[in-house]
**Q** 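This is the structure I have questions about; it appears just below.
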Amino acid sequence: MKREFVIAGNWKMYKTGAEARELVLALAGSFAAVRGLTVVVFPPFTALESVRGLDPKVRIGAQNVFYEEQGAFTGEVAPRMLAGLAEYVLVGHSERRQVFHESDADVARKLRAALAAGLKPVLCLGETLPERESNATLSKVDGQLDAALAGVSGPEWGSVLVAYEPIWAIGTGRTATPQQAQEVHRHLRLRLEAMAPSRRVPILYGGSVKPENSLDLLSQEDIDGLLVGGASLKAESFSAIINSGSQLLRS
Ligand code: PEP
């Protein structure tokens with residue numbers, strides 16, 4: 001019943017170049033290519049060159065990008081600097097929003113700049129625990145979605161991915177239940193369909209995904225993949241998650 005899955009690993013500020021290379025090679029050896037399955041890893045900037053072109057089964061993304069083309073922006077990386085190094089890029093990850101105070105407007109500019117440079121942005125969004133507890137989840141994700149995607153048009157939609165990541169589930173060991181995730185994904189699906197009729201924008205779930213819950217999450221109708229943090233740092237756990245996707249695609 002399933003069509004396509006994107007299983008992505010966000011390696012955050014872990015892995016040197018050598019460690020990233022070792023992990024990509026171990027991962028590539030741990031799963032078979034299956035039609036409809038895309039595996040992406042997001043190593044730190046400093047490891048992108050080390051994993052370049054290692055194995056076509058493991059696609060590469062960057063964890064962040066700046067929106068200016070060049071200039072006096074110490075510490076930042078321009079979209080065109082990622083050419084040949086990254087196919088995807090995360091924008092609006094909750095750690096960028098919370099720790100580095102990125103606003104919805106910053107996220108929108110980054111997403112636009114990524115698209116203009118031919119990158120595939122993965123727009124991350126999600127609510128805090130107080131927002132969930134006060135029934136503000138859907139209005140929060142709507143605001144983030146609309147702010148980031150307002151300027152996207154035409155064929156650009158084919159390059160956009162969305163990741164629903166409830167902040168209370170990231171790195172906490174507390175996962176949204178498949179039903180909680182599906183409810184928000186369904187809502188996002190309808191909103192995205194209104195923005196981009198005739199496109200199925202992939203909507204990934206992220207937040208304490210592990211081998212024990214990946215199959216149930218991927219079995220939900222509107223979950224098109226997973227964005228995995230902690231469990232993507234080891235080949236064994238990440239490949240078990242990838243293989244739950246392969247299993248559903250084969251069934
Ligand atoms: C993330 O960083 O996007 C994430 C979902 O992390 P974790 O899987 O560790 O909760």
Side-chain angles (χ1 to χ4, degrees), residues 5-15 19-20 23 27 38-45 47-48 58-65 86-102 107 110-111 114 119-129 131-132 137 140-141 144-145 148 160-178 180-182 184-185 188 202-218 220 222-245:
F5 288 132
V6 177
I7 312 287
N10 173 14
W11 291 354
K12 311 196 186 197
M13 201 174 71
Y14 296 97
K15 307 292 175 190
E19 290 164 349
L23 182 49
L27 265 180
T38 303
V39 174
V40 191
V41 296
F42 292 85
F45 286 131
L48 291 176
V58 182
R59 321 275 272 267
I60 304 298
Q63 295 175 18
N64 185 26
V65 70
E87 180 181 351
Y88 295 80
V89 63
L90 298 179
V91 292
H93 190 278
S94 64
E95 287 151 19
R96 298 295 319 170
R97 294 181 191 260
Q98 293 197 312
V99 184
F100 300 99
H101 310 295
E102 286 186 12
V107 174
K110 288 182 173 205
L111 188 130
L119 293 160
K120 295 175 184 153
V122 180
L123 168 66
C124 304
L125 39 79
E127 80 287 4
T128 62
L129 191 56
E131 286 163 346
R132 171 155 285 265
T137 298
K140 174 69 179 289
V141 297
Q144 291 178 316
L145 195 78
V160 173
L161 296 86
V162 170
Y164 168 57
E165 299 205 297
I167 294 169
W168 48 271
I170 296 183
T172 58
R174 193 176 159 185
T175 322
T177 63
Q180 283 174 319
Q182 166 60 23
V184 180
H185 280 233
L188 292 170
I203 310 173
L204 319 188
Y205 169 79
S208 296
V209 174
K210 28 190 188 287
E212 296 76 33
N213 57 27
S214 54
L215 193 68
D216 283 348
L217 287 162
L218 288 174
Q220 301 301 307
D222 291 293
I223 298 187
D224 303 315
L226 302 168
L227 180 53
V228 187
S232 71
L233 293 170
K234 291 209 167 81
E236 198 185 19
S237 44
F238 196 38
S239 68
I241 293 168
I242 294 167
N243 282 312
S244 62

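Being a predicted model, the structure only gives us computed values, none of them experimental. Atoms within a ligand are numbered from 1 in the order they appear, just like the ligands themselves. Atoms considered below: every heavy atom in the structure, side chains included; atoms not considered: hydrogens, waters and symmetry mates.
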**Q** With atoms numbered from 1 as shown, which atoms in ligand 1 lie under 4.0 angstrom from a non-hydrogen atom of Ser208?
**A**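 Near Ser208, the atoms of ligand 1 are 7 (P), 8 (O), 10 (O).
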
**Q** Compute the shortest N/O to N/O distance between Glu95 and ligand 1 and return yes if it is under 3.5 Å, no if not.
**A**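 By distance alone, the answer is no.
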
**Q** Of the choices Arg174, Glu165, Lys210, which has the non-hydrogen atom that lies closest to atom 5 (C) of ligand 1?
**A**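 Answer by nearest heavy atom: Glu165.
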
**Q** Would you kindly specify which portion of Ile170 sits under 4.0 Å from ligand 1, judged on non-hydrogen atoms: side chain, backbone, both or neither?
**A**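 Both backbone and side chain.
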
**Q** What is the nearest protein non-hydrogen atom to atom 8 (O) of ligand 1, stated with its residue, atom name and distance?
**A**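 Looking only at protein heavy atoms, the one closest to atom 8 (O) of ligand 1 is Gly229 N, 2.8 Å.
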
**Q** Would you say Phe45 has more than 12 foreign heavy atoms packed within less than 6.0 Å of its CZ?
**A**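 Buried by this count: over 12 neighbours within 6.0 Å.
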
**Q** Has Ala169 got any heavy atom lying under 4.0 angstrom from an atom of ligand 1?
**A**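 Right, Ala169 reaches ligand 1.
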
**Q** Go through the side-chain N and O atoms of Ser244 and Ser214 and say whether any donor and acceptor fall under 3.5 Å apart.
**A**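 Looking only at side-chain atoms, Ser214 and Ser244 do form a donor-acceptor pair, the distance falling under 3.5 Å.
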
**Q** His93 and side chain to side chain contact (heavy atoms under 4.5 Å, CB included): which partner among Gln98, Glu165, Glu102?
**A**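 So, applying the side chain to side chain contact (heavy atoms under 4.5 Å, CB included) to His93 and each of Gln98, Glu165, Glu102, only Glu165 qualifies.
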
**Q** Under 3.5 Å, side chain of Thr172 to main-chain N/O of Arg174, donor-acceptor pair present?
**A**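 Yes; at least one donor-acceptor contact below 3.5 Å.
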
**Q** Counting from 1, what ligand 1 atoms have a heavy atom of Asn10 closer than 4.0 Å?
**A**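 Matching atoms, with element in brackets: 1 (C), 2 (O), 3 (O).
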
**Q** In the structure I gave you, are the side-chain heavy atoms of Asn64 and Val89 within less than 4.5 Å of one another anywhere?
**A**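 Asn64 does not reach Val89 side chain to side chain.
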
**Q** Mark up the atoms of ligand 1 that fall under 4.0 Å of a heavy atom belonging to Gly207, in ascending order.
**A**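 In order of numbering, the contacting atoms are 5 (C), 10 (O).
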
**Q** Would a distance-only check, ignoring hydrogens and angles, find a side-chain to backbone donor-acceptor pair under 3.5 Å from Asn213 to Lys210?
**A**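 Such a contact is found between Asn213 side chain and Lys210 backbone.
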
**Q** Within ligand 1, which atoms have a heavy atom of Gly171 less than 4.0 Å away?
**A**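 Within the 4.0 Å cut-off of Gly171, ligand 1 contributes 7 (P), 9 (O), 10 (O).
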
**Q** Do me a favour and list the nearest non-hydrogen protein atom to atom 1 (C) of ligand 1 with residue, atom name and distance?
**A**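 Protein heavy atom with the smallest distance to atom 1 (C) of ligand 1: His93 NE2, 3.3 Å.
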
**Q** Is ligand 1 less than 4.0 angstrom away from at least one heavy atom of Ala231?
**A**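 No heavy atom of Ala231 comes that close to ligand 1.
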
**Q** Tell me, with the steps shown, if Tyr164 and Gln144 meet side chain to side chain donor-acceptor pair (under 3.5 Å).
**A** CA-CA 11 Å; Tyr164 168 57; Gln144 291 178 316; over 6 Å; no

**Q** Starting from atom 9 (O) of ligand 1, find the nearest protein heavy-atom neighbour and note its residue, name and distance.
**A**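 Ranked first by proximity to atom 9 (O) of ligand 1 is Gly230 N, 2.9 Å.
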
**Q** Would a 4.5 Å heavy-atom cut-off, applied to side chains only, mark Gln63 and Tyr88 as touching?
**A**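 No, their side chains stay 4.5 Å or more apart.
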
